[in-house]
Colleague: 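Following this message is one structure expressed as structure tokens.
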Number of protein chains: 4
Amino acid sequence: MESTAVVLIICPDRKGLVAGVAGLLYRYGANIVHADQHQDHDAGLFFMRVEWSLDGFDLEAFGTEFQVLAAEMQMAWHLELMEDRPRVAVFVSQYQHCLADILHRHQVGELRCDIPLIVSNHPDAEPLVRFHGIPFHHIPVSASTRDEAERAQLALLERDQVSVVVLARYMQILSPAFVRHFPSRIINVHHSFLPAFVGARPYHAAFERGVKLVGATSHYVTAQLDDGPIIEQDVARISHRDQVQDIVEKGRDLERMVLSRALKWHLERRVLCYGNKTVVFD
Amino acid sequence: MESTAVVLIICPDRKGLVAGVAGLLYRYGANIVHADQHQDHDAGLFFMRVEWSLDGFDLEAFGTEFQVLAAEMQMAWHLELMEDRPRVAVFVSQYQHCLADILHRHQVGELRCDIPLIVSNHPDAEPLVRFHGIPFHHIPVSASTRDEAERAQLALLERDQVSVVVLARYMQILSPAFVRHFPSRIINVHHSFLPAFVGARPYHAAFERGVKLVGATSHYVTAQLDDGPIIEQDVARISHRDQVQDIVEKGRDLERMVLSRALKWHLERRVLCYGNKTVVFD
Amino acid sequence: MESTAVVLIICPDRKGLVAGVAGLLYRYGANIVHADQHQDHDAGLFFMRVEWSLDGFDLEAFGTEFQVLAAEMQMAWHLELMEDRPRVAVFVSQYQHCLADILHRHQVGELRCDIPLIVSNHPDAEPLVRFHGIPFHHIPVSASTRDEAERAQLALLERDQVSVVVLARYMQILSPAFVRHFPSRIINVHHSFLPAFVGARPYHAAFERGVKLVGATSHYVTAQLDDGPIIEQDVARISHRDQVQDIVEKGRDLERMVLSRALKWHLERRVLCYGNKTVVFD
Amino acid sequence: MESTAVVLIICPDRKGLVAGVAGLLYRYGANIVHADQHQDHDAGLFFMRVEWSLDGFDLEAFGTEFQVLAAEMQMAWHLELMEDRPRVAVFVSQYQHCLADILHRHQVGELRCDIPLIVSNHPDAEPLVRFHGIPFHHIPVSASTRDEAERAQLALLERDQVSVVVLARYMQILSPAFVRHFPSRIINVHHSFLPAFVGARPYHAAFERGVKLVGATSHYVTAQLDDGPIIEQDVARISHRDQVQDIVEKGRDLERMVLSRALKWHLERRVLCYGNKTVVFD
């Protein structure tokens with residue numbers, strides 16, 4: 001795969017944005033490999049993602065000039081090299097299906113990231129993690145030790161230069177202080193079609209309500225529980241024949257699919273957050 | 001299509017239920033064309049639907065003996081002839097997509113019912129209804145006239161011997177008194193994936209929340225708004241590109257599908273209510 | 001809705017395409033409301049769709065200059081005003097579900113087109129068509145009269161300045177000569193998930209094969225039967241319980257959905273054909 | 001989980017079948033936990049699956065009497081104890097996603113079977129298999145050694161008393177002689193929506209044809225390639241943006257889902273084959 005750079009942009013919508021960005025890239029001889037934009041007409045916002053080949057491209061000079069354009073257009077932006085692999089930590093508790101899915105996809109090359117560590121409040125996942133050759137950190141958490149545990153977790157994340165945290169059915173609620181360290185960079189999976197069945201035991205609640213579809217939702221974590229920007233959702237059909245255990249099994253497949261898709265899209269720099277929503281570029 | 005009878009049964013689960021019903025039918029020489037049963041092990045309940053040919057079958061004698069069995073087994077049951085076509089009234093307001101769908105399906109023979117009247121609080125649907133040769137009753141409703149309007153509606157439903165009421169995007173809330181006349185026999189469509197987005201303007205709420213799927217739900221109406229037993233649900237994928245108007249359009253297709261399916265299954269005597277849930281036999 | 005213009009472009013991929021188009025639009029003061037592009041790296045092709053407001057825009061002067069750019073870039077392109085409503089003829093035989101769906105959507109404003117006529121080789125659809133206030137032409141077709149029938153059809157289409165023909169379960173095969181009059185402008189629905197079950201009686205074939213999903217496909221018509229560029233496909237789940245008649249009913253819902261979606265996208269100038277494929281812009 | 005027995009029945013449809021089976025079970029005091037039946041009216045066939053508790057049940061005496069009934073009713077049947085775990089061999093080549101999925105589900109208890117061995121014509125999967133504590137047999141296969149390889153495979157399957165063979169993207173075609181050893185007991189996954197794209201490289205063929213959905217199919221293996229009774233199918237949406245590699249990735253998720261579902265249903269004794277079709281009981 002050739003080296004590419006990608007720039008993600010949010011700014012007030014106005015004339016000349018595409019022309020400005022595309023024109024500047026053209027002047028520097030960029031070979032664009034993907035470009036996508038979106039306008040939220042109600043909010044008056046413009047979103048753009050452009051990816052171009054770095055072959056013979058003077059990124060430094062471009063960057064200097066781009067900053068001028070970005071300032072003029074009031075852009076919030078970030079520019080990254082696709083070959084810079086984000087460093088991802090996965091947090092897990094006892095259920096390992098999401099973790100196993102992520103590790104398998106990582107192994108076959110679907111997820112462009114490094115995974116320097118796995119953190120768990122239970123010891124169960126250690127063999128699986130070791131099999132994949134990744135350091136495993138068992139950090140138990142209880143109500144009285146949560147602050148201390150989070151300090152230990154944060155120290156590890158800092159040491160390993162982690163930029164993305166994935167909660168793969170991690171059954172502890174992170175403190176607002178922890179969340180503030182990773183704005184729009186903690187991805188959780190909730191086992192319901194949010195905003196239905198917020199909180200604990202959503203499959204039981206779905207069974208009680210007699211719904212005909214169950215769902216799962218991956219979202220960025222914010223200070224408010226199960227309320228962050230949604231990245232992906234999916235559902236599966238159930239019937240009166242499905243007891244809670246059947247729903248749990250069908251739900252497991254949903255959970256791992258929506259979490260892995262969200263992580264993949266995040267790593268490909270395809271997700272932009274604004275307000276409490278996401279733009280996920282194709 | 002040959003004449004058939006169908007019996008729907010709910011009773012406490014115990015040994016000998018299938019043997020009892022099937023054995024009795026066999027003694028009367030019934031040719032069973034469909035049979036399905038379900039057990040809710042948690043609730044200790046048994047559900048059964050059996051349909052058999054009436055060709056050379058002594059229904060009266062069978063009925064007498066079946067009542068003895070049913071009493072012994074503490075069955076709640078009802079026995080109907082499939083050729084008895086339920087009489088259905090459709091209530092509609094300004095949006096006609098669900099009504100148009102029902103009338104088209106009725107015309108091509110998908111819905112085994114008679115539709116003796118359409119009731120609306122707006123005049124808009126009259127041409128469509130007249131085209132289908134069905135009497136149209138325009139009964140305006142306001143806060144101050146609701147009771148009077150419901151009395152007029154009930155008089156019409158009684159006069160036309162209506163047994164099923166379909167709310168095809170009827171934008172008025174029926175009084176508990178009205179609902180009590182048709183227990184488990186008023187079918188509504190709500191334009192969200194219940195229990196998410198209960199109440200007014202669910203598509204706007206879905207847009208605000210930034211969900212990635214929108215849904216629709218058909219359910220029996222109970223005294224509590226949007227809380228009755230769910231018959232069918234479905235969803236469609238949306239993206240950041242979909243503005244509220246796009247969601248409304250995608251939602252229209254969901255609404256008419258889930259409402260028409262629910263009505264079809266109800267007419268085929270395939271739906272059993274218990275607690276706040278449904279069993280929908282295949 | 002404000003007036004907008006849209007340009008659709010296919011050309012060999014090269015540097016500067018987005019910059020060229022966006023730059024030119026910017027120089028003319030265009031307010032872009034939607035823009036999307038795609039690159040087929042294997043084929044070395046670039047595809048673009050841009051839509052912009054005509055408010056205070058000098059379209060004529062832009063057009064002159066755009067032609068120069070287009071020639072330089074070897075673009076195949078067409079530029080249209082979104083307010084120019086394509087004129088659509090619907091061909092139908094005995095099954096009316098797709099026709100009814102199109103007419104209903106047209107009535108509620110989902111389909112931005114005029115429908116000056118409906119053509120059928122059967123008289124059945126006349127009442128429905130008349131209800132919608134559209135002229136109905138009954139042109140019977142037999143093996144010996146096909147040429148003559150097509151001449152009559154073409155005369156009507158020419159007289160009514162029709163640019164798009166929709167085959168809404170029209171059960172006659174059009175001659176290559178007829179098809180040549182409307183390149184990439186005849187939209188058909190085939191009642192299978194193409195390329196499975198090409199040809200006659202696909203639901204029967206699906207039943208015989210014991211598939212677990214049935215599908216429908218909308219596509220542009222080419223000289224080769226059921227082989228044109230696919231615009232949209234969808235599927236529905238079936239089980240061993242579904243007999244042919246059940247499959248036919250489930251299929252009807254698929255057919256009308258995929259055909260109406262294809263027509264809608266075509267009318268919104270979102271579909272580009274190349275080779276035997278389509279690009280459908282979001 | 002309590003001990004249960006299950007009987008699967010196919011026979012000519014006639015009166016008294018349900019009464020006969022249910023009545024006999026009742027006389028022996030069976031507590032039925034699941035029962036389902038199906039009639040293919042065209043084929044004149046009756047299908048039944050009954051599962052009942054073995055608690056205090058005289059299976060031997062029942063079995064003797066059931067054989068008399070079965071003979072009288074011309075039943076093809078088999079009776080099994082659900083606690084008898086089928087012994088499953090998984091065959092795999094280089095792609096490990098289906099194997100990894102099966103091993104993970106087996107580990108968490110979703111698949112009620114024993115897996116005494118994994119067979120592969122490549123060495124790649126050995127570490128994964130060893131991690132799960134299962135013997136791995138590397139048996140290379142070439143055109144000239146196929147017969148010998150199959151003899152070695154059959155010897156292992158016999159030694160390990162294997163009753164079900166799963167082809168988890170095993171890229172070799174089994175000989176008719178091998179297939180005859182496991183009638184309706186070899187489960188394969190084909191990476192297309194059969195009968196579309198039979199044979200090699202179906203994702204490439206799907207890409208070339210420009211389909212809008214790709215699929216996967218699990219089926220029992222028969223002597224004719226990709227033509228056996230279908231157990232399960234599923235599809236995923238693709239667009240013009242998906243290149244072959246994207247389709248391959250989306251397809252992997254389909255493949256493991258449809259293969260694992262088929263295996264699960266087979267192990268739960270929910271699948272009956274007849275003609276070239278399956279009945280999959282709920």
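Just so we're clear, the structure is a prediction, and the values are computed from it rather than from any experiment. In what follows, chains are A, B, ... by sequence order, proteins preceding strands, each numbered from 1. Hydrogens, waters and symmetry mates are skipped; everything else that's a heavy atom, side chains included, is used.
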Colleague: Select, from G23(C), G20(C), A35(C), the one with the greatest count of heavy-atom pairs under 4.5 Å involving chain A.
Modeller: A35(C)
Colleague: Counting distance alone, with no hydrogens or angles, which donor-acceptor pairs between chain C and chain A are under 3.5 Å?
Modeller:
{"residue": "K15(C)", "atom": "NZ", "partner": "G29(A)", "partner atom": "O", "Å": "2.9"}
{"residue": "G29(C)", "atom": "O", "partner": "K15(A)", "partner atom": "NZ", "Å": "2.9"}
{"residue": "I32(C)", "atom": "O", "partner": "Q39(A)", "partner atom": "NE2", "Å": "2.7"}
{"residue": "V33(C)", "atom": "O", "partner": "H41(A)", "partner atom": "NE2", "Å": "3.2"}
{"residue": "A35(C)", "atom": "O", "partner": "Q37(A)", "partner atom": "NE2", "Å": "3.1"}
{"residue": "Q37(C)", "atom": "NE2", "partner": "A35(A)", "partner atom": "O", "Å": "3.1"}
{"residue": "Q39(C)", "atom": "NE2", "partner": "I32(A)", "partner atom": "O", "Å": "2.7"}
{"residue": "H41(C)", "atom": "NE2", "partner": "V33(A)", "partner atom": "O", "Å": "3.2"}

Colleague: Looking only at heavy atoms, which two atoms of A22(C) and A19(A) are closest? And how far apart?
Modeller: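 Nearest pair, atom of A22(C) first, then A19(A): O-CB, 3.4 Å.
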Colleague: Run the ring pair (Phe, Tyr, Trp, His ring centres under 6.0 Å) test against F193(A) and tell me which residues pass, sequence neighbours left out.
Modeller: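 Expected list: F193(B).
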Colleague: Would you mind checking which part of V21(A) comes under 4.5 Å of any heavy atom in chain C, side chain (CB onward), backbone (N, CA, C, O), both or neither?
Modeller: neither
